[in-house]
Amino acid sequence: RVHNYTWEITYQFKSQDCYKKLAIAINGMTPGPVISATEGDTIIVNVINRLIMENVAIHWHGIRQIGTPWMDGTDSVTQCATLPGDTFTYQFVVDRAGTYMYHSHYGVQKETGLYGLIKVTVPPGKSEPFKYDDDRHSIVLSDWYHSSSYAEATKLTSLPFVWIGEPQSLLINGRGKYDCSNLNANVCNATNPECLPYSLTVVPGKTYRLRIGGLTSLSALSFQIEGHNMTVVEADGHYVEPFVTQNLYIYSGETYSVLVTANQASSRNYWMSTNVVGRKPATPPGLAIFNYYPNHFHKLPPTTLPPGPAWNDTRARINQSLAIKARQGFIQSPPSTADKVIVLLNTQNTFEGRRRWSLNNVSHTLPHTPYLIAQKKNWTDVFDQTPAPESYDFQNYDIYSVQGNTNTTSSSSIYRLKFNSTVDVILQNANTMNVNDSETHPWHLHGHDFWVLGYGDGKFNMSSDILEKYNLVDPIMKNTVPLHPYGWTALRFRADNPGIWLFHCHIEAHYLMGMLVLFESGSEMVGEPPQQNMGCGRTKSLMKP
Ligand SMILES: O=C1O[C@H]([C@@H](O)CO)C(O)=C1O
């Protein structure tokens, strides 16, 4: 089946959390529509950019784009962003059942509401290893800033550098509640129906599959439903060996399916809530209503909101990360060894007066001409041809203290991987430029899934951690994984999808601050760049009149 969509991208004043703000919407909506399809279907989305001030590019996060690298939707990597007035037609196959997402990959548009979920169901005749009564509900978790995206992008990229700070609100399916009490009702109106809390209606006794997407620009979150257990069954399109939790930790770029049974007293409604973890919160929790039929769907629960987990309980979050394993019967075993190991030391630095993020002391700068086009055309001066550094002298690096990192450089260099080779990446965290501070970074890989081999505290130890901490038996496959404070995360993937692919921190501000690398492999097998991917930088020379 082919699903055809036409999306008009427009600016809209929205009161998602009662505060009126300029958002970016798809056909008037933020979050955008859920794309629902069946495994093997083709999705065609005509994206019409009706923003008068800025370009657009949309990334289909978790869709590997096998054989369709030109459709990955990444500005500066696979395409020139689409100009105001222009249309880009994305066409790709959703080749695997699961829960995915889409979002802008241009500027800080993710922060402005340009995102939604992709729900891919199993084809007829194929069964799933768990049962539920209902699969109609999806939940988009996001964070929300009141200041304009232009101001936010400027703060992060110009001098003086200004950190954007914590978001004003957390949204559940695009709805939150800011405290309007001291503000003019034209700006913030607590009775605006646009900010009524999202309400999910359940029938007592039934079991629901909730598909949840982490679409925050900054925050790591915990999600909970008052008085109810959640059984985690899917992560990033892969079946999880089921485990029960009351607090689902979810990092930007991750998707989960959980099963929830409406098995509590049915005479009332319950809170659904989300709160910031991993960073000291300055944002109130996001609220929604878990509505037991036939109670009114906007009747507030009689209870005060139970507190979420402590924001700084790193151990609980690591324990959840470790609990996510491939489901028995669905294990895709990883290759037993890697052909190449890349260690990426994650550091915060000052570079040319701005705060930046670096990998092995290189803070990435994207070229103006997309990599994949430059590579196809052999334009060797578009990006730095020196190979990106595969390691760092991290055995001598003190990850627990503020380091100067004064020899940081900025580069557009890439990692070239032998096609079909097996690659390990060890992400190593460190202290930021603030004392006693190490952050959580959700790392996302485009074009592939990876096996999550392990997590550990402190500095990675090549001789013992591989033997003692790697899980080669039932590792989950994912496309996004957290790197916990002062810890390491190891992953393995096969470079089997021809193209040039981003691997980056999914915190939008960190991406803008250089926290990304690129993996090239088999790009000689990629076809010629389509016209619609061109128009910027050197590609103008290729455009047909
Ligand atoms: O990149 C970041 O910069 C700030 C802070 O470190 C600047 O003081 C912060 O919280 C980040 O995540």
Could you give the distance from CD1 (Ile52) to OG1 (Thr10), rounded to the nearest 0.5 Å?
10.5 Å
Between the side chains of Glu520 and Lys418, is the shortest nitrogen-to-carboxylate-oxygen separation below 4.0 Å, so that they form an ion pair?
no
Trace of the side chain to side chain contact (heavy atoms under 4.5 Å, CB included) decision for Phe519 with Ile500:
CA-CA 6 Å; Phe519 294 133; Ile500 300 190; over 6 Å; no
The reported gap from CH2 in Trp501 to CZ in Phe493 (rounded to nearest 0.5 angstrom) is 11.5 Å
Ring centers of Trp488, Tyr455 separated by less than 6.0 Å:
no
How close do Tyr198 and Ser138 get, heavy atom to heavy atom, and via which atoms?
OH-O, 4.3 Å
I'd like to know if Lys340 and Glu390 make a salt bridge, using a cut-off of under 4.0 Å between side-chain N and carboxylate O.
yes
So CG of Leu445 and NE2 of His61: to nearest 0.5 Å the spacing works out to 10.0 Å
Got a second to check how far Leu491's CG is from Ile426's CD1, nearest 0.5 Å?
9.0 Å
I want to check a possible cation-pi pair here: Arg492 against Trp451, using under 6.0 Å from ring centre and within 45° of the ring axis as the test.
no
Can you check side chain to side chain contact (heavy atoms under 4.5 Å, CB included) on Lys376 and Trp70, steps first, answer last?
CA-CA 12 Å; Lys376 283 309 300 176; Trp70 299 114; 3.9 Å; yes
NZ/NE/NH1/NH2 to OD/OE distance under 4.0 Å, Glu128 and Arg327
no
Are Phe290 and His228 an aromatic pair, judged by ring center distance below 6.0 Å?
yes
Of all heavy-atom pairs linking Glu508 and Gln109, the shortest is OE2-N, 3.3 Å
If you take all heavy atoms of Asp143 and Leu170, which pair is closest and at what distance?
CB-CD2, 3.8 Å
Before accepting this row, confirm whether a basic side-chain N of the pair Lys126/Glu39 lies closer than 4.0 Å to the acidic partner's carboxylate O.
yes
Between Ala374 and Thr369, the two heavy atoms sitting closest are CB-CG2, 4.5 Å
Just how far is it from atom CG of Leu502 to atom NE2 of His446, taken to the nearest 0.5 Å?
4.5 Å
Please report the C-alpha distance between Asp72 and His59 in whole Å, then the side-chain angles of each, then the deciding distance to 0.1 Å, and finally whether the side chain to side chain contact (heavy atoms under 4.5 Å, CB included) criterion is met.
CA-CA 5 Å; Asp72 196 42; His59 169 56; 3.1 Å; yes
Give the minimum heavy-atom separation between Ala316 and Tyr249, together with the two atoms involved.
CB-OH, 3.6 Å
Lys/Arg-Asp/Glu bridge criterion (N-O < 4.0 Å) met for Asp133, Arg209
no
Between His484 and Ser321, is there a side-chain donor-acceptor contact under 3.5 Å, judged purely by atom types and distance?
yes
Just checking Phe243: does its CZ atom have more than 12 heavy atoms from other residues, nucleotides or ligands closer to it than 6.0 angstrom?
yes
Would you call the rings of His510 and His441 parallel, tilted or perpendicular, where under 30° means parallel and over 60° means perpendicular?
tilted
Identify the heavy atoms of Ile43 and Ala37 that sit nearest to each other, and give their distance.
CD1-CB, 3.7 Å
Is the Tyr239 to Phe130 ring centre distance short of 6.0 Å?
yes
SB check Asp95 Arg64 (cutoff 4.0 Å)
yes
Is the Tyr90 ring parallel, tilted or perpendicular to the Trp60 ring (thresholds 30°, 60°)?
perpendicular
Electrostatic pair Arg96:Asp449 at N-O distance under 4.0 angstrom
yes
Report the distance from atom CG of Leu483 to atom CH2 of Trp443, rounding to the nearest 0.5 Å.
8.5 Å
Applying side chain to side chain contact (heavy atoms under 4.5 Å, CB included), run through His368 and Cys536 and close with a yes or a no.
CA-CA 7 Å; His368 186 49; Cys536 59; 4.1 Å; yes
Decide, yes or no, whether a salt bridge links Glu194 with Lys14 under the criterion of side-chain N to carboxylate O below 4.0 Å.
no
Quick check on the 6.0 Å ring-centre criterion: do Tyr292 and Tyr270 meet it?
yes
Starting from the C-alpha separation in whole Å, work towards a yes-or-no answer on salt bridge (charged side-chain N to carboxylate O under 4.0 Å, His left out) for Arg494 and Asp496.
CA-CA 5 Å; Arg494 220 195 270 276; Asp496 56 0; 5.0 Å; no
Asp236/Lys478 salt bridge by N-O under 4.0 Å criterion:
yes
Does a salt bridge link Glu241 with Lys325, judged by any charged N lying under 4.0 Å from a carboxylate O?
no
Can a donor-acceptor pair be found between the side chains of Asn291 and Thr201 at a distance below 3.5 Å?
yes
